[in-house]
2 protein chains.
Amino acid sequence: MKNKIRVFLLAILMMCGMFSVRIQAQVVEDFKPSAVNQPGKQYPMVNSEGRVRVQISAPEATHVQFDISAVKYDLIKDENGIWTGECAPQDEGFHYYQLWVDGAAVPDPGSLYYYGASRWGSGIEIPAKDQDFYALKNVPHGQVTEQIYYSEQSKSMRRCFVYTPPGYNKDINKKYPVLYLQHGGGEDETGWSNQGHANLIMDNLIADGKSVPFIIVMDNGTWAMPRPPRNRDQQGERPREWPPKGWADGFMNTLLEDIIPMIDVNYRTIADGEHRAMAGLSMGGMQTRVITLANPDVFSYVGMFSGGSISPEDVENAPGFKEKNKLLFISYGSRELENGRGFGGDPKANTEALKEAGMNTHFYVSPLTAHEWQSWRRGLHEFAPLLFTK
Amino acid sequence: MKNKIRVFLLAILMMCGMFSVRIQAQVVEDFKPSAVNQPGKQYPMVNSEGRVRVQISAPEATHVQFDISAVKYDLIKDENGIWTGECAPQDEGFHYYQLWVDGAAVPDPGSLYYYGASRWGSGIEIPAKDQDFYALKNVPHGQVTEQIYYSEQSKSMRRCFVYTPPGYNKDINKKYPVLYLQHGGGEDETGWSNQGHANLIMDNLIADGKSVPFIIVMDNGTWAMPRPPRNRDQQGERPREWPPKGWADGFMNTLLEDIIPMIDVNYRTIADGEHRAMAGLSMGGMQTRVITLANPDVFSYVGMFSGGSISPEDVENAPGFKEKNKLLFISYGSRELENGRGFGGDPKANTEALKEAGMNTHFYVSPLTAHEWQSWRRGLHEFAPLLFTK
């Protein structure tokens with residue numbers, strides 16, 4: 001049955017791809033170079049419909065494709081060996097993509113590169129109606145700092161990125177609360193600042209007086225993830241539950257034993273659970289759920305973006321969580337909910353049930369976005385003003 | 001005549017390429033994944049001879065090449081459509097490279113990416129005998145911070161990276177001297193920390209007590225570069241001198257009017273010329289020459305890595321430079337000097353003449369390296385201990 005659904009979805013995706021080629025004459029010709037191109041590069045371009053047009057020189061190639069949002073579009077070759085083509089209109093926001101040159105999956109030499117989908121590769125930005133909230137403006141800016149440290153848990157050098165808010169270096173007696181903010185599966189510690197623009201979101205919120213200033217720590221949560229089920233199947237093992245019990249322990253240990261103490265020593269933090277938050281997207285949200293439920297003394301503000309929810313049963317089984325928690329924020333992209341995605345349980349029902357039980361919960365849905373960065377940028381933008389206000 | 005030399009060199013390069021294919025049987029089979037691969041990637045690999053072996057899946061391709069150090073090597077396809085091949089032994093250190101898939105120049109999906117040669121693309125690290133000086137070790141680490149600021153000169157937002165030494169956040173009353181450190185042509189503000197490892201070089205020197213701690217500011221000097229002569233030719237113009245007079249004024253203005261004041265406000269600097277240095281590689285060295293000669297009150301320590309030298313005539317024509325200057329450091333890779341490269345004048349003779357005239361000059365030659373990052377890492381490693389000691 002599952003295979004049948006897969007074949008059906010594949011057929012639809014292929015039809016979409018063919019359809020985009022057929023309606024090429026109707027493409028609106030107002031393409032402009034993408035905002036995230038490499039310096040001096042004209043392609044990729046984006047038009048007002050949200051279509052992306054790519055171009056690459058490959059004179060000896062016979063088949064070149066543009067691969068975005070799980071659809072591959074054939075490019076067309078001109079007499080100079082330049083291949084050009086565009087995709088169907090994309091959702092607002094950021095998307096990973098790649099090119100296929102005669103069967104080789106490669107980054108587009110025109111785009112900037114981002115870590116996601118378990119590789120450094122191309123990304124594109126479809127201008128969003130609300131892009132002002134993460135735009136680079138002439139407001140006071142905080143800083144993103146690369147912090148190198150030794151981890152006793154992994155016996156190795158690690159690094160994270162630390163956002164300090166505007167003014168951090170001015171009033172050197174002031175101390176700040178801290179948000180630990182995690183990326184998703186196949187991403188790393190660079191995601192939230194590179195493609196998430198967490199720093200610009202905070203700079204703009206603080207400039208508008210909508211958020212109190214706080215520190216954000218963005219570390220690498222991939223460290224302790226077990227292999228996904230597909231690999232287990234190949235080994236003839238099938239885990240009974242996914243993710244398996246204890247899957248977040250590795251990152252939990254390094255977070256509690258290495259990262260938080262290191263941050264509290266090196267930055268001017270208010271080093272208690274009442275001034276500490278944890279949030280994450282997708283896998284990072286799932287980690288946030290496990291780690292904050294188990295450590296209500298350590299974190300009192302919790303955010304999960306497209307990464308599941310916390311149920312009344314979870315809270316019942318987590319002594320102290322309900323009493324200590326000051327905020328539980330759950331968000332999804334609307335297209336994720338259309339698809340019935342929720343990583344176990346109904347996230348909206350769970351969140352409302354906990355609100356009725358007296359907790360300070362919030363449920364946010366990002367309009368017309370999927371399991372992608374625009375949902376998570378908006379999630380952070382809604383979450384941050386609620387932090388450290390109690 | 002020049003064209004004949006070019007053809008001759010090209011012929012030699014092509015022969016080298018063919019030669020590498022012929023001697024494939026003699027390649028030492030001790031390849032290991034490169035230290036700068038993407039997470040989980042086995043290729044590219046490097047062996048003990050300094051050969052690089054690349055591999056890419058391109059089942060439909062008919063011609064795939066590995067392009068490194070200005071030589072293209074043909075890869076060989078196996079029955080699964082995987083292309084593999086290696087280059088001749090490379091010099092120790094860091095090299096940019098790319099792949100050609102049926103005529104498309106693309107980054108290697110296995111490598112990390114760096115900005116150089118005017119593009120984000122692949123880099124490879126050939127382990128060097130002296131690599132310990134830029135290794136990531138468990139010593140106290142400084143921080144590299146992304147600093148966003150508004151430039152009045154260019155009426156736009158800009159960014160730089162700022163290295164603050166270990167302990168900067170501990171003793172918050174201490175003030176530090178500052179080195180302004182510039183990248184080369186086709187590179188940007190990310191080069192000195194990403195591929196140059198300037199932060200690790202400093203952390204290790206400071207841990208060994210070989211350098212006093214200071215701040216390093218790495219900004220983008222490309223801003224004001226005029227078009228190179230080739231483009232001018234296409235327009236029918238040919239500049240009489242290269243670089244043309246005034247070519248460094250744009251960056252000089254933003255450095256003096258925007259960057260230095262911004263750094264002195266946001267960091268704990270000793271804000272005078274006696275505690276300020278400027279250095280750069282290649283184009284950045286040429287900028288350093290022009291800017292420091294014109295501003296002896298602003299900078300008293302000067303370094304130029306593979307970027308020309310300062311002659312006795314330069315000093316004569318720069319009032320105050322000789323009196324104010326505390327250090328003039330000139331370096332090259334030995335292979336650059338073999339090729340007679342010196343960007344005008346004999347850098348060694350110039351530097352020695354100024355030493356005889358009473359200036360504190362140093363001339364350093366990096367053994368067996370060319371116009372590449374290993375020369376510049378070593379240049380910084382020799383230069384830094386001489387800084388701010390007078």
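All values below were derived from every heavy atom in this structure, side-chain atoms included, with hydrogens, water molecules and symmetry-related copies excluded. Letters go in sequence order (proteins before strands), and every chain restarts at 1.
- For the atom pair CG of B:N169 and CG of A:N169, the computed distance is 7.5 Å after rounding to the nearest 0.5 Å.
- Contact of A:V162 with chain B is not made at all, since no heavy-atom distance falls under 4.5 Å.
- For the options A:Q38, A:E146, A:H63, A:R268, heavy-atom pairs under 4.5 Å to chain B are most numerous at A:Q38.
- By number of non-hydrogen pairs under 4.5 angstrom with chain B, the leading residue of A:V144, A:N199, A:V265 is A:V144.
- Looking at every heavy atom in both residues, A:V106 comes nearest to B:P109 through CG1-CG, 4.1 Å.
- Of the residues considered (A:N138, A:V64, A:L99), A:N138 shows the highest number of contacts with chain B, using heavy-atom pairs under 4.5 Å.
- Heavy atoms of A:L112 lying under 4.5 Å from chain B belong exclusively to its side chain.
- Interface remark: of the candidates A:Y149, A:W120, A:Y150, A:W120 forms the most heavy-atom pairs closer than 4.5 Å to chain B.
- Within the 4.5 angstrom heavy-atom criterion, only side-chain atoms of A:Y267, from C-beta onward, approach chain B.
- With a 4.5 angstrom heavy-atom cutoff, A:I56 touches chain B only via side-chain atoms.
- Between atom CG of residue B:D102 and atom OG of residue A:S57 there is a gap of 11.5 Å, rounded to the nearest 0.5 Å.
- Contact annotation for A:K41: only side-chain heavy atoms (C-beta onward) come within less than 4.5 Å of a heavy atom of chain B.
- A pairwise comparison of heavy atoms in A:G103 and B:P59 identifies O-CD, 3.4 Å as the closest pair.
- Atom NZ of B:K175 has 12 or fewer heavy atoms from other residues, nucleotides or ligands within 6.0 Å.
- Within the 4.5 Å cutoff, side-chain heavy atoms of B:K170 are placed close to those of A:N266.
- Contacts between A:Y115 and chain B at a heavy-atom distance below 4.5 Å involve the side chain alone, from C-beta outward.
- Neither the backbone nor the side chain of A:D108 has a heavy atom closer than 4.5 Å to any heavy atom of chain B.
- No side-chain heavy atom of B:T62 sits under 4.5 Å from any side-chain heavy atom of A:T62.
- In summary, of the residues considered (A:M157, A:Q147, A:R159), a side chain to side chain contact (heavy atoms under 4.5 Å, CB included) with B:H141 occurs for A:M157 alone.
- With a 4.5 angstrom heavy-atom cutoff, A:L200 touches chain B only via side-chain atoms.
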